[in-house]
Novice: 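Attaching a single structure in structure tokens format; questions to follow.
Labels below follow one simple rule: chain letters A, B, ... track the order of the sequence lines, proteins then strands, and each chain is numbered from 1.
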Amino acid sequence: MKPPKPPTPQKIPTIKPQPTSPIPPPTPPINPKTPTHLNPIKPSIPPSKTQKNLTPKFSHIHPLQPLQPWQTLNISPSELSLPLTFPTGQTFTWKQTSPFQFTGPINSHLISLKHDINGCDQSSPFSYLIHHSPNPLQAKASLYDFLNLTISLNDLFKSFSESDSRFAQLAPHLAGARVLRQDPIECLFQFLCSSNNNIGRITKMVGFLSSLGEFLGTVGDFDFYEFPSLERLSMVSEAQLREAGFGYRAKYIVGAVKALQSKPGGGAEWLSSLRGLELHEVVDALCTLPGVGPKVAACIALFSLDQHHAIPVDTHVWQIATRYITPELAGARLTPALCSRVAEAFVGKYGKYAGWAQTVLFIGELPSQKALLPSHLCSIKETKTKSTRKRKLGKLEVSIQFLSDSS
DNA sequence: CGGTAACCTGGGAT
DNA sequence: AATCCCAGGTTAC
């Protein structure tokens, strides 16, 4: 039994600009001589081992005065599942703030979404609460945009199920798994943190970056910040990031900020302007940024740049593909060339919104979700060491087979 | 141009 | 207990 935690464990006093005024460019508040003073990551996550899964019992009691009461969202559960959308690796800034509630920043709004499973109208069980907003009238529009609600998940699922019987089997268990439409800057820096990394540490790193932004409020045990602008991000040094535990990704962050700031019209505008381009142009442009390769580029493209058929090919997707879509690649290793093969195969199978299908299938592969699926739909994940060994041994053979296949 | 090793870190498996 | 392996990869050789 432990006493209630202090509400603001995460703090970067040397970095945080004045809360109310815009950042004064001539006098950046960072003292580069004292990077060791910076130690925000550790306190951000309590040291106990069992903290993560336990949702606070009274997290609905928060110190913020809500601007307005809860308001209904006109969305059905088949169009949105909170647990299949927020904690599944497309955003790391939203947190579960009670059993059926998630909270996160959308630009400078801080919003909670709640699924009321006891409500009278189960066709429209969601409501939202604006904790903080410079313009509450605009918050709803921002929320709808963020949730990508102009796209009908029902229609997509229907279409995917027609193209793929396995998807049809999976679909009922993964209804409401939605692709968000995030801010491109926020999305970029989140996925810069993701390379060769695990969810827990990515979350900590993103928490660090976030805390460079304007403080928005506290909900449950979590502090929320507006994701920092490039200008604010530029105030943190590589040394500070390394000190904070970013490892080699520290130079990616610093480098990407610089590269973006050198773009005509400013990096944020440059990034957003990619929304109108073709996927290959978007990916090429993103890959010019340090730390952005094909995988990260696809994530940014899909999760923030309206590239609905971008396919981030990671190890999970690779597993799915070799099992169900391109079995001829089974046993081969994940190389860039094969990644694009897999991506093409996904688009061939699911079409224009293949990225959404990929997201659903990816979620189905997550250990947390697998537990909820009927066993016959679960892929057999035997002892890892064995399959890895086999894969390595069979690599040459399979590559040859693949080459002869495609010629 | 395709294949490989190195890269930071921390948690879990061996 | 020490080591290995892996995690939503990218880069440099």
Novice: When you compare C:dC13 with B:dC8, how far apart are their P atoms, in angstrom units rounded to a whole number?
Specialist: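 Rounded to whole Å, the distance is 14 Å.
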Novice: Over all strands shown, is A:Thr359 touching base, sugar-phosphate only, or nothing at heavy-atom distances under 4.0 angstrom?
Specialist: nothing
Novice: Taking distance alone, no hydrogens or angles, what donor-acceptor pairs closer than 3.5 Å link side-chain atoms of residues 82-89 of chain A to residues at least two apart or in another chain?
Specialist:
{"residue": "A:Thr85", "atom": "OG1", "partner": "A:Ser81", "partner atom": "O", "Å": "2.7"}
{"residue": "A:Thr85", "atom": "OG1", "partner": "A:Gly176", "partner atom": "O", "Å": "3.1"}
{"residue": "A:Thr85", "atom": "OG1", "partner": "A:Arg178", "partner atom": "N", "Å": "3.3"}
{"residue": "A:Thr88", "atom": "OG1", "partner": "A:Thr85", "partner atom": "O", "Å": "3.2"}

Novice: Could you state the CD1-C1' distance from A:Ile202 to B:dG10, rounded to the nearest angstrom?
Specialist: 13 Å
Novice: For residues 285-297 of chain A, which residues have at least one heavy atom under 4.0 Å from DNA chain C?
Specialist: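 Result for residues 285-297 of chain A: A:Leu289, A:Pro290, A:Gly291, A:Val292, A:Gly293, A:Pro294, A:Lys295, A:Val296, sorted by number.
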Novice: Report yes or no: is the cationic atom of A:Arg166 (NZ for Lys, CZ for Arg) closer than 6.0 Å to the six-membered ring centre of A:Tyr324, at no more than 45° off its axis?
Specialist: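 Pair A:Arg166/A:Tyr324 counts as cation-pi.
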Novice: Nearest whole Å is fine: how far is C:dA7 P from A:Glu365 CD?
Specialist: 12 Å
Novice: Below 4.0 angstrom, N of the basic side chain to O of the carboxylate: do A:Glu365 and A:Arg323 qualify?
Specialist: yes
Novice: What nucleic acid atoms does A:Phe191 come within less than 4.0 Å of, heavy atoms only: base, sugar-phosphate, or nothing?
Specialist: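 The residue A:Phe191 makes no contact with any strand.
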Novice: Tell me the stems DNA chain B sits in, counting at least three consecutive Watson-Crick or G-U wobble pairs, each under 3.5 Å on both distances.
Specialist: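 So the stems come out as B:3-7 with C:9-13, B:9-14 with C:2-7.
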Novice: Whole angstrom is fine here: how far is it from OH in A:Tyr248 over to P in C:dG9?
Specialist: 8 Å
Novice: Do NZ/NE/NH1/NH2 and the carboxylate oxygens of A:Lys263 and A:Glu269 come within less than 4.0 Å?
Specialist: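 No, A:Lys263 and A:Glu269 are not salt-bridged.
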Novice: Whole-Å distance between B:dG3 P and A:Leu338 CG?
Specialist: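 Nearest whole value for this atom pair: 8 Å.
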Novice: So A:Arg242, base contact, sugar-phosphate only, or nothing? Heavy-atom distance under 4.0 Å.
Specialist: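 If one applies the 4.0 Å heavy-atom cut-off, A:Arg242 turns out to touch the sugar-phosphate alone, with no base involved.
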Novice: Let me see the working for A:Gln240 and A:Ser237 under side chain to side chain donor-acceptor pair (under 3.5 Å), right down to the final yes or no.
Specialist: CA-CA 5 Å; A:Gln240 288 172 311; A:Ser237 70; 3.2 Å; yes
Novice: Classify the ring geometry between A:Trp356 and A:Tyr353 as parallel (under 30°), tilted (30 to 60°) or perpendicular (over 60°).
Specialist: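 A:Trp356 and A:Tyr353: perpendicular rings.
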Novice: By nearest atom, which of the nucleotides B:dC8, C:dT11, C:dG8 is closest to the A:Arg201 side chain?
Specialist: B:dC8
Novice: Measure from the side-chain heavy atoms of A:Tyr252 and tell me the nearest of C:dG8, C:dT11, B:dG3.
Specialist: C:dT11
Novice: Nearest heavy-atom pair of A:Ser210 and A:Tyr225: which atoms, and what distance?
Specialist: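 Smallest interatomic distance, heavy atoms only, reads O-CB, 3.1 Å.
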Novice: Could you work out the separation of B:dG2 and C:dA7 based on their P atoms and round it to a whole Å?
Specialist: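 It works out to 25 Å between them.
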Novice: What is the distance, to the nearest angstrom, from the CD1 atom on A:Ile253 to the P atom on B:dT9?
Specialist: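 To the nearest whole Å, that distance equals 15 Å.
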Novice: Closest approach of A:Ala321 and A:Val342, non-hydrogen atoms and distance?
Specialist: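 The answer is CB-CG1, 3.6 Å.
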Novice: Any salt bridge linking A:Glu162 with A:Lys158? Criterion: basic side-chain nitrogen under 4.0 Å from a carboxylate oxygen.
Specialist: no
Novice: Within this structure, what is the CD1-to-C1' distance between A:Ile199 and B:dG10, rounded to whole angstrom?
Specialist: 15 Å
Novice: A:Lys204 has a side chain; which of B:dG3, C:dT11, B:dG11 sits nearest to it?
Specialist: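 Closest of the options to the side chain of A:Lys204: B:dG11.
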Novice: Quickly work out the A:Asp314 CG to C:dT10 C1' distance and round it to whole Å.
Specialist: 15 Å
Novice: Regarding A:Gln358, tell me which of base, sugar-phosphate or nothing describes its non-hydrogen contacts under 4.0 Å with the strands shown.
Specialist: base
Novice: Roughly how many Å apart are C:dG8 and B:dC1, using the C1' atom of each and rounding to a whole number?
Specialist: 26 Å
Novice: Rounded to the nearest Å, what distance is computed from the CE atom of residue A:Met205 to the C1' atom of nucleotide C:dG9?
Specialist: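 Atom-to-atom, A:Met205 to C:dG9, this comes out as 13 Å.
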Novice: Over all heavy atoms of both residues, which pair between A:Ile363 and A:Ala177 is shortest? Give the atoms and the distance, please.
Specialist: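 Smallest interatomic distance, heavy atoms only, reads CD1-CB, 3.7 Å.
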Novice: Kindly point out which of C:dT11, B:dC8, C:dG8 is positioned nearest to the side chain of A:Asn198?
Specialist: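 When the side chain of A:Asn198 is considered, C:dG8 is the closest of C:dT11, B:dC8, C:dG8.
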